[in-house]
Amino acid sequence: MADKIVLYYFNGRGKMESIRWLLTFAGVEFEEVFLTKREQYVELLKDGSLMFQQVPMVEIDGMKLIQTKAILNYIAEKYNLHGKDIKDRVMINMYSEGVMDLMEMIMMLPFTQDPKPRLENIETKAKERYLPVFEKVLCDTVHLVGGKHSMADVLLTECTLMLEEKFPGILADFRNIKSFQGRMTENLSIKKFLQPGSKRKPQPDEHYVKTVMEVFDVKKISL
């Protein structure tokens, strides 16, 4: 089954969601194996599939890849979403990692006992540190890098939608980003991905948190 792409993760967003977004944008079909029991995770550890004992894991081209950034970079390279040269790639990676830093803050909210102060911190950082960067770049261009779609465009789209789920109206002062989001969500692959019944995952709930903690055998997470 080397021709199939298989994603191993929980039935939820987490770090796998950006991988789902990028594959979807590239028009690539994939299958998913959801971890619901600790025994599944232990089996992956025993057979040596998880290099650093971590998921996400993606089976692709006969390899078992881990580490989210490495997986995203491989997909971007494979499907021509990583720019035309090394200078494009480093800009795409910088933008992408900035976006991922912001999204990771949001990902951790369900595991936080008191999310209110963290929400306030995320909103402040989004408005003052991250969004101004992209607003400035998009003042003069349709795409973030190289005049064509890239991984950075896809991840920024994902991030803006995540932000609006938590902070409706947050893009009111970032018109260039809002226009960019509108263009990206008109892409046929993304438009389909945003419809009910797609492989896009909903916002995490208590069941998702409980499953993650049980699979990893974590009694309590204090953040």
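Every heavy atom of this structure was used, including side-chain atoms; hydrogens, water molecules and symmetry mates were not. Since this is a predicted model, take the numbers as computed values, not measurements.
Of the possible donor and acceptor atoms, one in the side chain of Q40 sits under 3.5 Å from a partner among the backbone N and O of T36. Judged by distance alone, the side chain of D217 and the main-chain N or O of R38 form no donor-acceptor pair under 3.5 Å. Put simply, the side chain of Y9 never gets that close to the backbone of V55: no donor and acceptor are under 3.5 Å apart. Between the side chain of N121 and the backbone N or O of P117 there is no donor-acceptor pair closer than 3.5 Å. In terms of modelled atom types and a separation under 3.5 Å, the side chain of N73 and the main chain of A70 share no donor-acceptor contact. A distance-only check finds no donor-acceptor pair linking the side chain of T112 to the backbone of D114 [under 3.5 Å]. Side-chain N or O atoms of E123 include none that pairs as donor or acceptor with a backbone N or O of R118 at under 3.5 Å.
Looking at Q181 and T157, their side chains never bring a donor and an acceptor atom within 3.5 Å of each other.
Annotation: cation-pi pair K199/F193 absent, no NZ/CZ under 6.0 Å from the ring centroid and within 45° of its normal.
At least one side-chain heavy atom of D61 sits less than 4.5 Å from a side-chain heavy atom of Y74.
Both L72 and M63 are part of a single hydrophobic cluster, where members link through side-chain heavy atoms under 4.5 Å apart. If you chain together hydrophobic residues whose side chains sit under 4.5 Å apart, V145 and V142 never meet in one group.
A search for salt bridge (Lys or Arg N to Asp or Glu O under 4.0 Å) contacts involving K64 returns nothing, not counting sequence neighbours. Partners of E165 under the salt bridge (Lys or Arg N to Asp or Glu O under 4.0 Å) rule, at least two apart in sequence or in another chain, are R13, R200.
Salt-bridge formation is not detected for the pair K201/E17: no Lys NZ or Arg NE/NH1/NH2 atom is positioned less than 4.0 Å from an Asp or Glu carboxylate oxygen.
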